[in-house]
Amino acid sequence: MELLLVSHRGIAAGMKEAIAMVMGSAAEQITAMELTEEEGIDHFGKRLETYLLSWLAEGKKGLIFADLRGGTPYNQSEMILERHGLKGQAKVISGMNLPMIIDALFKEFEMTDLSEVAAVAAAGREGISCLDLQVQSDGSDDE
């Protein structure tokens with residue numbers, strides 16, 4: 001399965017570097033693609049489309065992790081998949097973080113089973129916490 005990280009400048013590459021630090025060579029399975037001010041939306045979209053079509057045309061499946069729902073990398077990914085009828089081979093998940101990407105590294109799944117995609121998103125949500133809020137919600141009021 002292919003894993004693609006798309007983002008605004010610096011986020012996808014930084015995420016891939018962090019995964020390499022934690023997971024070593026497993027990060028080699030990941031491709032990072034970033035939108036920059038110099039490149040612009042049109043060039044980014046064309047580069048993304050070329051990349052997606054190259055591996056999806058081969059019948060491969062994959063997940064695309066985007067930094068921000070509604071941002072250009074997310075929107076371009078969704079539009080390209082829709083335009084080429086490839087939504088059955090790849091899904092876009094926004095709000096990428098290390099727990100969800102690491103979880104996806106070790107899974108093989110069908111893109112038609114949305115519960116498997118939801119499990120990857122859930123791993124991302126479960127990785128978000130604040131100890132102070134957790135202590136407060138555990139009912140530890142000593143009064």
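What you see is a predicted model; the values in this text were computed from it and never measured. FYI, the numbering just counts along the sequence from 1.
Between the CD atom in Glu116 and the CG atom in Leu63 there is a gap of 10.0 Å [rounded to 0.5 Å]. Going from atom OG of Ser77 over to atom NZ of Lys91 covers 13.5 Å, rounded to the nearest 0.5 Å. Note: Leu4 CG to Glu2 CD = 9.0 Å, rounded to the nearest 0.5 Å.
Between Ile101 and the choices Leu5, Val120, Ile93, the side-chain contact (heavy atoms from CB on, under 4.5 Å) rule is met once, by Leu5.
Every residue was checked against the salt bridge (charged side-chain N to carboxylate O under 4.0 Å, His left out) condition with Glu82, not counting sequence neighbours, and none meets it. Contacts of Thr31 classified as side-chain hydrogen bond (donor to acceptor under 3.5 Å, both in side chains), with partners at least two apart in sequence or in another chain: Tyr51.
In the hydrophobic cluster analysis, where Ile, Leu, Val, Met, Phe, Trp and Tyr join through side-chain heavy atoms closer than 4.5 angstrom, Val92 is grouped apart from Met100. Two different hydrophobic clusters hold Leu133 and Ile128 under the rule that ILVMFWY side chains link at heavy-atom gaps under 4.5 Å. When the side chains of ILVMFWY residues are joined at heavy-atom separations under 4.5 Å, either directly or via intervening members, Met96 and Leu81 end up in two distinct hydrophobic clusters. Connection of Ile80 to Val6 is established within a shared hydrophobic cluster, with ILVMFWY side chains joined at heavy-atom distances below 4.5 Å, either directly or through further cluster members. Criterion: ILVMFWY side-chain heavy atoms under 4.5 Å apart, direct or through other members. Under it, Val117 and Leu86 are not part of a common hydrophobic cluster.
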Residues 43-50, side-chain donor-acceptor partners within the protein, below 3.5 Å, at least two apart:
residue	atom	partner	partner atom	Å
His43	ND1	Glu39	OE2	2.8
Arg47	NE	Glu39	OE2	2.7
Arg47	NH2	Glu34	O	2.9
Arg47	NH2	Glu39	OE1	3.1
Arg47	NH2	Glu39	OE2	3.1
Glu49	OE2	Arg83	NH1	2.8
Glu49	OE2	His84	NE2	2.5
Thr50	OG1	Lys46	O	3.0

Under 3.5 Å, side-chain donor or acceptor atoms of residues 64-76 against the rest of the protein: list the pairs with distances, not counting sequence neighbours.
residue	atom	partner	partner atom	Å
Asp67	OD2	His8	N	3.0
Asp67	OD2	His8	ND1	2.8
Asn75	ND2	Gly70	O	2.9

Side chains of residues 15-27: which donor-acceptor pairs under 3.5 Å do they make with residues two or more places apart or in other chains?
residue	atom	partner	partner atom	Å
Lys16	NZ	Ile30	O	2.6

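Gln89 contributes no side-chain N or O that, together with a main-chain N or O of Lys61, makes up a donor-acceptor pair within less than 3.5 Å.
For residues 94-106, every residue pair satisfying the salt bridge (Lys or Arg N to Asp or Glu O under 4.0 Å) rule, not counting sequence neighbours, is listed here: Asp103-Lys107.
Side chains of Leu105 and Leu3 form a contact here, defined as non-hydrogen atoms less than 4.5 Å apart. Residues Glu126 and Pro99 are not in side-chain contact: their nearest non-hydrogen atoms beyond the backbone lie 4.5 Å or more apart.
Heavy-atom minimum distance, Ala32 versus Ala13: CB-N, 3.9 Å.
Counting heavy atoms of neighbouring residues, nucleotides and ligands inside a 6.0 Å radius, atom CD1 of Ile41 does not exceed 12 of them.
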